[in-house]
Amino acid sequence: MRSFHRTHTTTAARHALGDGEGPTDPVTLAGRLMVKRWSGGVTFAELQDGTGRLQLMARRDELADAYEAFLDLDPGDLLGVTGPVIRSRRGEVTVDVNKFQLLSKALRPLPEKWHGLKDVEQRYRRRHVDLIANPDVRDVFVARTRIISGLRRFMDSQGFLEVETPVLQEVPGGGLARPFKTHHNALDLDLYLRIALELHLKRLIVGGLEKVYEVGRVFRNEGLSPRHNPEFTMLESYEAYADYDDVMRFLEELLPATIESAGKEPDLEYQGERLDFAPPYRRARMADLIREATGIDVLTEPDLAAAAAKAGVDVQANLPWGFIVMEIYEKKVETGLRQPTFVMDYPLDVSPLARKREDDPRFVERFELVAAGRELCNAFTELTDPVDQRERFLAQEATFKAFGGETHPMDEDYLVALEQGMPPTGGLGIGVDRLVMLLTDQASIRDVLFFPQMRLAH
RNA sequence: GCCGGUGUAGCUCAGCCUGGCAGAGCAGCGGCCUUUUAAGCCGAGGGUCCAGGGUUCGAAUCCCUGCGCCGGCACCA
């Protein structure tokens, strides 16, 4: 079949009948045959299209010789049908088929009609079957699309300009993660897939695009888990002449708007837990949260490593102060934060791109929004001082040379941009997949990605 | 990478503990039935029990190794 023109979707056909009994004028539908029942002189079947399902009725009386061909159809076949919409004796909205046409034959059977496809491995490896057989899965992905378009709509409405920046980078900056490496042949140049959007967007802020954002795929060459996929989607935005307090207020508008675009209420349920996203959200300094949870005062504690160990958080000897603070926070505080909370003022040591607090230079103006024990957003008042920035990169290098792990590499192009003069800026990053998980009540990132990363099938 | 769980028909699952002919439902095939809603009834068929090795008279079942999947840990500030 080159083409087949339908007059109605199954949902439109249902509306065409309305409360009446029919018959309506004939409608032409197309979709996948899902279920057949009865095989005498009348056969009922269900046709599934992009909008839903509708019952079909095929009668020997009506179809004559073609009836036998209808009986030969298999669940899974793609079918076009024409006929009036009626209400069956049992009250079901039904198309009384006058004509039908096989549009495409399914050579493989559908999964079990009642249980659907449950095997998670098959659901991920053969997502097309999952989508046919499990309507809930389709709903999740439709919600994902609505959430992302809702995010864009909100950003646009606030005057942000959506931009695109390079995926292939000579220096994979803006975060700490092992990058994927590739090579450009013509340039004979090693390149990396980006691990964050940050540095290029900030270069645009220098360039005078005062409110920019990007929704883009980033890549991290690290382990997989229910919350980690090697490629995932980030939204980052930057606003000139704003600080992290502005970003907090901004998020308190963005999140409710996004929740609405997902068709949810701010008071939502995630994995059996009620979470209330009606603003304002709690604001708490990391140091205060640590004191609440452990009794440790990181501001005054003379031997923080020892205090951490006493609280059950073992850290490497001589680890810089800020890293110890971060360890204690992650091990003792973060998972306990269930309701949305702005965790404010991160240690400077672990935040090389954020602006130093003037009242206490051990900390920076940075927050993460945490809910259900997980980071949803990361934001800061950006560091715009090129001299300070260079020192921070060097300090990172020194730390990671000593303690291992990934480091922020020195990005000279970025430093040159800062030297041009960057306005004070508030920046924000949102892990879009994790936000979608939250708003669709999914426990695994694999259930909000059409094609999650899998090992080679055996 | 480490630890635990798991893998049986196209799909959903029993059987494994306690070794003894490979099972059910759905789907498919043949037959009956002109208003069904997971339709029903009758009949026949369908297996690399993830792979390889071992123990045993005999292995889906017990043991070892490998692989996939799931979860946890590590990595991921």
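Any value given below was found using the heavy atoms of this structure, including those in side chains, with hydrogens, waters and symmetry copies removed. As the structure is a computational prediction, the values presented were derived from the model and not from experiment. Numbered from 1 within each chain, the chains take letters A, B, ... in sequence-line order.
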Side chain of [X] only, heavy atoms from C-beta on: which candidate in [options] is closest?
X: A/K118; options: B/C13, B/C70, B/C75; value: B/C13
X: A/M57; options: B/U35, B/C26, B/U34; value: B/U35
X: A/M454; options: B/U34, B/U12, B/C69; value: B/C69
X: A/Q55; options: B/C32, B/C11, B/U37; value: B/U37
X: A/K331; options: B/U37, B/G68, B/A74; value: B/A74
X: A/R37; options: B/G28, B/U37, B/C32; value: B/U37
X: A/H228; options: B/C76, B/G72, B/G28; value: B/C76
X: A/W114; options: B/U12, B/U35, B/A38; value: B/A38
X: A/L117; options: B/C11, B/G72, B/C69; value: B/C11
X: A/W38; options: B/G72, B/U34, B/A74; value: B/U34

Can you tell me the distance, in whole Å, between the [atom1] atom of [X] and the [atom2] atom of [N]?
X: A/M34; N: B/C11; atom1: CE; atom2: P; answer: 16 Å
X: A/R123; N: B/C11; atom1: CZ; atom2: P; answer: 14 Å
X: A/Q453; N: B/C70; atom1: CD; atom2: P; answer: 12 Å
X: A/N134; N: B/U12; atom1: CG; atom2: P; answer: 9 Å
X: A/L71; N: B/G28; atom1: CG; atom2: C1'; answer: 15 Å
X: A/Q316; N: B/C75; atom1: CD; atom2: C1'; answer: 13 Å
X: A/F219; N: B/C76; atom1: CZ; atom2: P; answer: 21 Å
X: A/E46; N: B/A39; atom1: CD; atom2: C1'; answer: 12 Å

When you check the gap from the basic side-chain N to the acidic O, do [X] and [Y] get nearer than 4.0 Å?
X: A/R87; Y: A/E21; value: yes
X: A/E68; Y: A/R60; value: yes
X: A/R392; Y: A/D388; value: yes
X: A/E292; Y: A/R282; value: yes
X: A/D74; Y: A/K105; value: yes
X: A/K113; Y: A/E46; value: no

Using Watson-Crick or G-U wobble geometry with both distances below 3.5 Å, tell me the partner of [N], or none.
N: B/C69; result: B/G5
N: B/G43; result: B/C29
N: B/G23; result: B/C13

Expressed in whole Å, how much space separates the [atom1] atoms belonging to [N] and [M]?
N: B/C21; M: B/U34; atom1: C1'; value: 44 Å
N: B/U8; M: B/C50; atom1: P; value: 6 Å
N: B/G10; M: B/U56; atom1: C1'; value: 35 Å
N: B/U12; M: B/U55; atom1: P; value: 36 Å
N: B/C42; M: B/G25; atom1: P; value: 10 Å
N: B/A59; M: B/C3; atom1: C1'; value: 28 Å
N: B/G23; M: B/C49; atom1: P; value: 14 Å
N: B/A27; M: B/C69; atom1: C1'; value: 24 Å

Quick one: is [X] getting a side-chain N or O under 4.0 Å of the [N] phosphate, OP1 or OP2?
X: A/R125; N: B/C69; answer: yes
X: A/K113; N: B/A27; answer: yes
X: A/R446; N: B/C70; answer: yes

Assign [X] to base, sugar-phosphate, or nothing according to its heavy-atom contacts below 4.0 angstrom with the strands shown.
X: A/L456; result: sugar-phosphate
X: A/Y124; result: sugar-phosphate
X: A/D349; result: nothing
X: A/G116; result: sugar-phosphate
X: A/P226; result: sugar-phosphate

On RNA chain B, compare the nucleotides closest to A/E330 and A/R89; which residue's is nearer the 5' end?
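Result of the comparison: A/R89.
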Nearest heavy atom decides the nucleotide; on that basis, is A/R455 or A/S88 closer to the 5' end of RNA chain B?
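Its nucleotide being nearer the 5' end, the pick is A/S88.
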Applying salt bridge (charged side-chain N to carboxylate O under 4.0 Å, His left out), run through A/E412 and A/R390 and close with a yes or a no.
CA-CA 9 Å; A/E412 289 293 345; A/R390 184 177 296 275; 3.1 Å; yes
Looking only at N and O atoms, is any donor in the side chain of A/H115 or the base of B/C11 less than 3.5 Å from an acceptor on the other one?
no
Steps toward salt bridge (charged side-chain N to carboxylate O under 4.0 Å, His left out) verdict (A/E252, A/R283):
CA-CA 12 Å; A/E252 285 173 331; A/R283 288 160 163 73; 3.0 Å; yes
